[in-house]
Amino acid sequence: MSGEAPQRVLLVGFMASGKSSVGRELATLLGWEFLDFDAVVESRAATSVAEIFRDHGEREFRRLESQVAGELLARSRVVLASGGGWPAQADSWERVPPDTLSVWLRVSPGVAVQRASSEGPLRPLLDAEDPLERASELLREREAAYRKAEFELDSEADDPATLAHEIMQLVRLETERHTTDR
Ligand code: S3P
């Protein structure tokens, strides 16, 4: 964050950390728009993330994701949910505007796999022989990237509505801090 009041919230975190459900609740509380990187990629490509991975590979997905991220990060009064792998891609954080409040929603590999399997077919990157081992490995590789977010919250400690309220408080505090600093 810079010397300006937050104009957008960026939620990052591993798959199934609750970015979309928390993001939706938070956007309602703030009266801002909610936008999910994956959903925008899917609507642009007119196909699902799983199909993009299957038919064109991860590299093509990352290209589309990066394009969408650039556009969405330029918008104001929005709550953005990034895809789980986006923060770990080269230059991702450098592209986040300074008036962005970023939050890492933490989740353990076990809970991520449990939540992801209950949501339907496993995400392409967890569709491995041992999804728990894969999730632990990915999380280890990505932790430093998630940690670059300004704030972090434990997504297992509270439900999405409570987490959304906590983030709204952060937005309020940051907005007040920057308004009184002037
Ligand atoms: C990915 C996470 C997914 C989606 C894609 C790749 C990842 O998003 O972008 O399957 O690399 O962790 P969610 O975090 O919303 O599941």
Side-chain angles (χ1 to χ4, degrees), residues 8-27 33-73 75 78-93 95-96 100 102-149 151-156 159-160 163-164 167:
R8 69 195 67 69
V9 173
L10 173 65
L11 301 177
V12 301
F14 199 62
M15 291 173 255
S17 56
K19 302 179 294 285
S20 302
S21 34
V22 173
R24 240 176 252 115
E25 298 258 5
L26 176 63
E33 191 179 353
F34 171 68
L35 293 159
D36 180 309
F37 288 13
D38 282 349
V40 177
V41 166
E42 290 185 329
S43 92
R44 296 269 169 90
T47 184
S48 66
V49 167
E51 278 170 2
I52 301 173
F53 267 80
R54 193 195 61 205
D55 298 342
H56 306 283
E58 179 172 353
R59 208 181 151 126
E60 174 61 5
F61 170 74
R62 297 296 173 201
R63 191 187 67 78
L64 297 170
E65 178 183 53
S66 161
Q67 211 170 53
V68 163
E71 286 173 39
L72 300 189
L73 283 164
R75 300 186 48 174
V78 285
V79 176
L80 303 175
S82 88
W86 180 79
Q89 306 306 306
D91 301 337
S92 293
W93 284 103
R95 295 165 67 200
V96 175
T100 305
S102 55
V103 182
W104 171 25
L105 294 178
R106 275 186 286 109
V107 68
S108 63
V111 171
V113 170
Q114 198 179 45
R115 286 185 189 161
S117 7
S118 70
E119 285 169 14
L122 271 179
R123 317 282 209 278
L125 288 177
L126 291 182
D127 195 6
E129 203 173 307
D130 185 342
L132 181 57
E133 191 187 296
R134 182 78 184 116
S136 311
E137 184 183 71
L138 277 173
L139 198 52
R140 253 195 320 272
E141 284 169 19
R142 291 175 176 175
E143 212 162 286
Y146 294 145
R147 210 174 283 287
K148 290 186 184 164
F151 298 97
E152 58 178 84
L153 291 174
D154 179 358
S155 86
E156 292 173 32
D159 61 13
L163 292 164
I167 302 172

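Start at 1 and go down the list; that is how both ligands and their atoms are numbered. Values in this document were obtained by computation on a predicted structure and should not be read as measured data.
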Is [X] touching ligand 1 with its side chain, its backbone, both, or neither, if touching means heavy atoms under 4.0 Å apart?
{"X": "Arg142", "value": "side chain"}
{"X": "Arg62", "value": "side chain"}
{"X": "Phe61", "value": "side chain"}

Review point. After noting the C-alpha distance and the side-chain angles of Glu156 and Ser108, does the key distance pass the side chain to side chain donor-acceptor pair (under 3.5 Å) rule?
Key: CA-CA 8 Å; Glu156 292 173 32; Ser108 63; 2.8 Å; yes
Minimal non-hydrogen separation, [X] against [Y], with atom names:
{"X": "Val107", "Y": "Ser155", "value": "CB-OG, 3.7 Å"}
{"X": "Leu126", "Y": "Ala116", "value": "CD1-CB, 4.2 Å"}
{"X": "Ser17", "Y": "Gly13", "value": "OG-C, 3.6 Å"}
{"X": "Ser118", "Y": "Arg115", "value": "OG-O, 2.8 Å"}

Which of the ligand 1 atoms, numbered from 1, are nearer than 4.0 Å to a heavy atom of [X]:
{"X": "Lys19", "answer": "13 (P), 14 (O), 15 (O)"}
{"X": "Gly83", "answer": "8 (O), 9 (O), 14 (O)"}
{"X": "Leu125", "answer": "7 (C), 11 (O)"}

Check your understanding: Quick one: does Ser117's side chain have a donor or acceptor within less than 3.5 Å of a partner on Val113's backbone?
Key -> yes
Exercise for review: Answer yes or no: is there a donor N or O on one side and an acceptor on the other, between the side chain of Glu42 and the main chain of Val49, under 3.5 Å?
Suggested key: yes
Give me the nearest non-hydrogen protein atom to [atom] as residue plus atom name, then the distance to 0.1 Å.
{"atom": "atom 10 (O) of ligand 1", "result": "Val49 CG1, 3.7 Å"}
{"atom": "atom 16 (O) of ligand 1", "result": "Arg123 NE, 2.5 Å"}
{"atom": "atom 9 (O) of ligand 1", "result": "Asp38 OD1, 2.8 Å"}

Review point. In this structure, which one of Tyr146, Phe37, Phe61 forms a ring-ring contact (aromatic ring centres under 6.0 Å, His included) with Trp86?
Key: Phe37
Review point. Is there a nitrogen or oxygen of Gly84 sitting under 3.5 Å from a nitrogen or oxygen of ligand 1?
Key: yes
Check your understanding: Any N or O of Gly85 that comes nearer than 3.5 Å to an N or O of ligand 1?
Key -> yes
